[in-house]
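Since this is a predicted model, take the numbers as computed values, not measurements.
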Amino acid sequence: MPHRYDPRQAEERWTRWWEENRVFHARVDSDKPRFSMVIPPPNVTGVLHVGHALDQTLQDIFARWHRMQGKETLWLPGTDHAGIATQVRVEEELAKEGLSRHDLGREAFVERVWQWKHHYGGRILEQLKGLGASCDWERERFTMDEGCSRAVRHVFVHLYRKGLIYQGDYIVHWCPRCQTTLSDIEVEHEEEEGRLWTLRYPAAEGEGEIRVATTRPETMLGDTAVAVHPEDERYRAWIGRRVRLPLMDREIPVVADEAVDPAFGTGAVKVTPAHDPTDFEIGQRHNLPQIQVIGQDARMTAEAGRFQGLTREEARQAVLEALRAGGFLVGEEPLRHAPGRCYRCGTVVEPLVSRQWFVRMKPLAEPAIRAVEEGRVRFVPEHFTRMYLHWMRNVRDWCISRQLWWGHRIPVWTCQACGTQSASEEDLVRCPECGSERLEQDPDVLDTWFSSALWPFATLGWPDDTPDLRRFYPTDLLVTGYEIIFFWVARMIMMGIEFMGEPPFPTVLIHGIVRDSLGRKMSKSLGNGVDPMEVIAEYGADALRFSLVQGVGPGNDLRFRTDRVESARNFANKVWNASRFAILNLADADRAALEALAGSPDGLQAWKEREALTLADRWILSRYQWAASEVHRLLERFDPGEAAQVLYEFIWSDLCDAYIELVKPRLYQGGDDPESEAARQRRAAQATLFAVLDGSLRLLHPFMPYLTEEIWQRLPVHGPTLARAAWPRPQGLEDPEAEKQVGRVLEVIRAIRNLRAERGVEPSRRVTAVLRAEPALLEALQAMEREIRALARLERLELVAPGGAVPEREAAVTAVAGGVEIYLPLAGLVDLEKERARLEKELAAAREEAARARALLERPGFKEKAPAHVVQQQEARLAEAEAKEAKLLDQLAALERAGAGGNGAHGA
RNA sequence: GCGGGGUUAGCUCAGCUGGUCAGAGCGCCACCCUUACAAGGUGGAAGCCGCAGGUUCGAGUCCUGCACCCCGCACCA
């Protein structure tokens, strides 16, 4: 076994082996309890970023955990067709050939996108395999595959017939670059520096003028009114009058509307119903005409008169100039505002009036709200519930039509003969009303999220009643980031209830986003993204996974730091080397004996030489038991970050730093005679080491699958794959007495090491230690004498009962730890002054400790009201501190006598 | 404006149902290539747990107020 873990070759090998052996395949016909989960489908054009890596790692931990618990585990992978992103990608490719999609025509273009998808799409899933994701790759799905497409049509037609999908002329967000509509949540607002101009609109008749403020002067060309608040005294007289719109020479009315904020700007607002959502609504209320002055290409239309053809930006300048020239521009000031931008490309969206398809949300939202209120769907951490409910209670209708070619085409046909509009699951060739074959299908496609909303059941075969669907729906857990709670989670809940009669999952585990080391969001424009594949190449997939999980607090964002990955890599190497040590020392172990110990719930209980286990063995088994139950408990609470921390600390501190060192003397001792005491002790050590290592690898496997599988396969006894080995359950190994005693022994060892370090004793120099303690403790020290000598690097260890002789004060350095008085006779190294200083410092600490416990115990009401075990605990703490204080005082007194009688340091 | 989150060691963050909880990683100091591991070992320094009150026998841990930071939603003429 090499002395360093090499992730690369292990990862390649096991990725292949797991897949070839269908280790992650979920059988629909097994009678085991099931666990099912669907992947949040990544964008088919996408490449893995570190945010996916976190999301996938969390899911994989739960999938592997349940699989090891014997559940028939389905984790279903796939991608979504990402309408805008994919179409844009292929259009860019075409552009290099000097072509546009219109040159190809719709059919050929869509064909071309499919080709692209087959070639490049889904690379992200290959990357997921490299991360160790234990998906059932045989069940990979795509939102545009045949089954999902059928589901989409079925859903559309159902909602259409139910009156929950309607078509209407509304103002919607239009992205001039992507050339499509966007839903409300696809528009992002971020504050930036803008300007607020004040314009002067003169009265059409009579005297006066009204001043309006605007951030978009170019839209004034399409103004069809000025609005003021009905209660606003300043403008009361203006209501009903008309003003003359500059540049356009058009008379427009002044109307009163509640939507106007009298405190903002001048208190009067220009109304452009065709280019502003609020103005659109004002226009509806007052029957105002809509004049579209900006087109879908973000250039001025013919309605803009002499400004026709200019871009929005050019028009703004030109309009301002013209206004200024005409004396209509009366003010300009800076203003922070947040214009809407396309979440895909960042272009400022243009609100435009057009005919679009909408989903009526209220009827769908109500049961989805109830499901969460009644706890049938639960968010973890819980506070995301409020976010969900708040949004759902105020939800607005969802614009689902997109002016793209790549996507599910809206299954609605309009008869050119009789004008009937029909929705149909099958392609319509004949008008159901008049029988005409002159039918035209709606040109738009559906929002990608419309199909994603069906993901948990469409991927299991719905609308057919399939065995998969019956077996694996509803799923058991959804893991995703908070940024898509509205986009995806809420819509899945609505659709799941509407079409399956129950929510698609009982639990939604929400995590934060991964930021860069400075806490900034990762973005292409900043160039601060981290490529997980590069991280994997350098540190290994397990290290990346572990560093992400370790850094994750419930629902919180986390910063990606290379030093954490490095630390996780070091941990992997630590596990590797500890295992290497164990495996080397298990070479001659009795396989049959180990067999009984491997992963068996009562292996150690039933082990035939159980009585040979030492205090140290019982200690590590107890610690292991604690770690195992903690990890299990924390995973049940959906807190893998804390679980990872428990494992890290148990393996590194207890197993590696303490137990392996403690066990070395026994393992290194020879013994040709298998009946000898030495041989028995050695077998006990091997058994314990094996049982704990085997169990630890199982516990660690969901977090670091490759490393653990690679090691596990090298154990003298192992199964076909750790991925399906049994998850450790309680085995009754708790041993409080052993924990306490070994805890004290370790304290003593640390104190001796401390004394050596402070006195500058070379590590290679063997010294003698004299320990004085109560009989009960003495027994433990006696039992572990060899281990103490090894770890504290002692030549000799003398154990002395209370009152027994200890070295002369001037000839030894001393300490008190774990209830034991420690004397190190260090000829020539004793400095009485330093000794005094150190002992006094310790004494102060002990006194402080005692004082704290005493204060608590003496506090009025404490003994009466605090639970008994807490009182006992504090009493024990006080007794311990007082005992230590007494011992230190003894040592100090001895020091005084020595100091008075001698001249400090001299040989013993 | 409504809602949520955060403020704990130099840095990044854990601390669940209030009672050894003052922790980890990285960094820092000293010593050590001790036969699993220098991607390591041993020892060490370092924090009045944002501020002010309150509840309680007892509060980083619960409540109230305040300050600063972050994020949703709405508004953004």
Minimum-distance nucleotide to A:P763 side chain [options: B:C31, B:G72, B:A74]: B:C31
Among B:G72, B:C76, B:G19, the one nearest A:A338 by side-chain distance: B:C76
Inter-nucleotide P distance (B:G15, B:G54), Å rounded: 29 Å
Separation between the P atoms of B:C16 and B:A52, rounded to whole Å: 23 Å
Interatomic distance, A:D557 CG vs B:U12 C1' [rounded to whole Å]: 14 Å
Proximal nucleotide (of B:G43, B:U20, B:U12) relative to the A:R561 side chain: B:U12
Distance below 4.0 Å between A:W652 side-chain N/O and B:A36 OP1 or OP2: no
OP1 or OP2 of B:A36 under 4.0 Å from side-chain N/O of A:Y668: yes
Side-chain donor/acceptor contact of A:R564 with base of B:C26 under 3.5 Å: no
Distance, rounded to the nearest Å, where A:L586 contributes CG and B:A36 contributes P: 14 Å
Pair A:S183, A:E186: side-chain N/O donor-acceptor within cut-off below 3.5 Å: yes
Sugar-phosphate only, base, or nothing, as touched by A:Y648 at under 4.0 Å among non-hydrogen atoms: sugar-phosphate
Sugar-phosphate, base or nothing in reach of A:E661, heavy atoms under 4.0 Å: base
Donor-acceptor contact present, side-chain A:N577 to main-chain A:R580, <3.5 Å: no
C1' spacing across the pair B:G1 / B:G60, given as an integer number of angstrom: 32 Å
Side-chain N,O (A:R386) to OP1/OP2 (B:G4) below 4.0 Å: yes
Touch class at under 4.0 angstrom, heavy-atom based, for A:R877 against every strand present: base
Sugar-phosphate, base or nothing in reach of A:N573, heavy atoms under 4.0 Å: base
Sugar-phosphate only, base, or nothing, as touched by A:L196 at under 4.0 Å among non-hydrogen atoms: sugar-phosphate
Secondary-structure string, 5' to 3', Watson-Crick or G-U under 3.5 Å, | for another-strand partners, for RNA chain B: (((((((..((((.....[...)))).(((((.......))))).....(((((..]....))))))))))))....
Short side-chain N/O contact to B:U34 OP1/OP2 from A:K664, under 4.0 Å: no
Touch class at under 4.0 angstrom, heavy-atom based, for A:H869 against every strand present: nothing
Quiz item: cation-pi between A:K574 and A:Y648, 6.0 Å / 45°: no
Among B:U42, B:C76, B:G19, the nucleotide that comes nearest once only the side chain of A:H337 is considered: B:C76
Check: A:W398/A:D184 side-chain N/O donor and acceptor closer than 3.5 Å: no
Chi-based syn or anti call at B:G44, which uses purine or pyrimidine torsion atoms and a 90° bound: anti
Per A:D639 side chain, nearest of listed nucleotides B:G25, B:G15, B:G19: B:G15
Distance, C1' atom - from B:C26 to B:G53, rounded to whole angstrom: 37 Å
Length of the line joining A:D279:CG and B:C75:P, which is rounded to integer Å: 13 Å
Sugar-phosphate, base or nothing in reach of A:V271, heavy atoms under 4.0 Å: nothing
Of A:R852 and A:F384, the one whose closest RNA chain B nucleotide lies more 5': A:F384
A:F487 and A:Y343 aromatic centres sub-6.0 Å: yes
Residue met sooner reading RNA chain B from 5', once A:P867 and A:H383 are mapped to nucleotides: A:H383
Separation of B:G40 P from A:R569 CZ (nearest whole Å): 8 Å
Distance test, side-chain N/O of A:T278 to OP1/OP2 of B:C76, below 4.0 Å: yes
Pair A:H229, A:D261: side-chain N/O donor-acceptor within cut-off below 3.5 Å: no
A:N556 side-chain N/O to B:C70 phosphate OP1/OP2 under 4.0 Å: no
Side-chain donor/acceptor contact of A:H189 with base of B:C75 under 3.5 Å: no
Interatomic distance where CZ belongs to A:R515 and P belongs to B:C13 [whole Å]: 10 Å
Residues A:E350, A:R216; criterion salt bridge (Lys or Arg N to Asp or Glu O under 4.0 Å); working and verdict: CA-CA 11 Å; A:E350 187 60 49; A:R216 300 195 58 198; 2.9 Å; yes
Nucleotide B:U12, atom C1' - distance to CG of A:D563 in whole Å: 8 Å
N or O in side chain of A:N585 less than 4.0 angstrom from B:A36 OP1/OP2: no
Steps toward salt bridge (Lys or Arg N to Asp or Glu O under 4.0 Å) verdict (A:E483, A:K521): CA-CA 12 Å; A:E483 73 276 13; A:K521 227 170 171 165; over 6 Å; no
OP1 or OP2 of B:G19 under 4.0 Å from side-chain N/O of A:K865: no
Spacing of A:Q874 atom CD relative to B:U20 atom P, expressed in whole Å: 8 Å
Salt bridge (Lys or Arg N to Asp or Glu O under 4.0 Å) assessment of A:K884 paired with A:E842: CA-CA 9 Å; A:K884 181 166 188 175; A:E842 289 237 358; 3.7 Å; yes
Distance in angstrom units between A:I583 CD1 and B:U35 P, rounded: 20 Å
Residue pair A:Q669 / A:R786, side-chain donor-acceptor N/O under 3.5 Å: yes
Sugar-phosphate only, base, or nothing, as touched by A:E649 at under 4.0 Å among non-hydrogen atoms: sugar-phosphate
Any A:R750 side-chain nitrogen or oxygen under 4.0 Å from OP1 or OP2 of B:U42: no
Separation of the C1' atoms in B:U56 and B:G19, to the nearest angstrom: 12 Å
Nucleotide nearest A:R580 when distance is taken to its side chain, options B:C57, B:C73, B:C37: B:C37
Sugar-phosphate, base or nothing in reach of A:R756, heavy atoms under 4.0 Å: nothing
A:S567 side-chain proximity, nearest of B:C57, B:C26, B:A36: B:C26
Side-chain donor/acceptor of A:R569 to backbone N/O of A:Y539, under 3.5 Å: no
N or O in side chain of A:R4 less than 4.0 angstrom from B:A39 OP1/OP2: yes
Touch class at under 4.0 angstrom, heavy-atom based, for A:E864 against every strand present: nothing
Side-chain donor/acceptor of A:E218 to backbone N/O of A:R316, under 3.5 Å: no
P spacing across the pair B:U7 / B:C51, given as an integer number of angstrom: 13 Å
Sugar-phosphate only, base, or nothing, as touched by A:D657 at under 4.0 Å among non-hydrogen atoms: sugar-phosphate
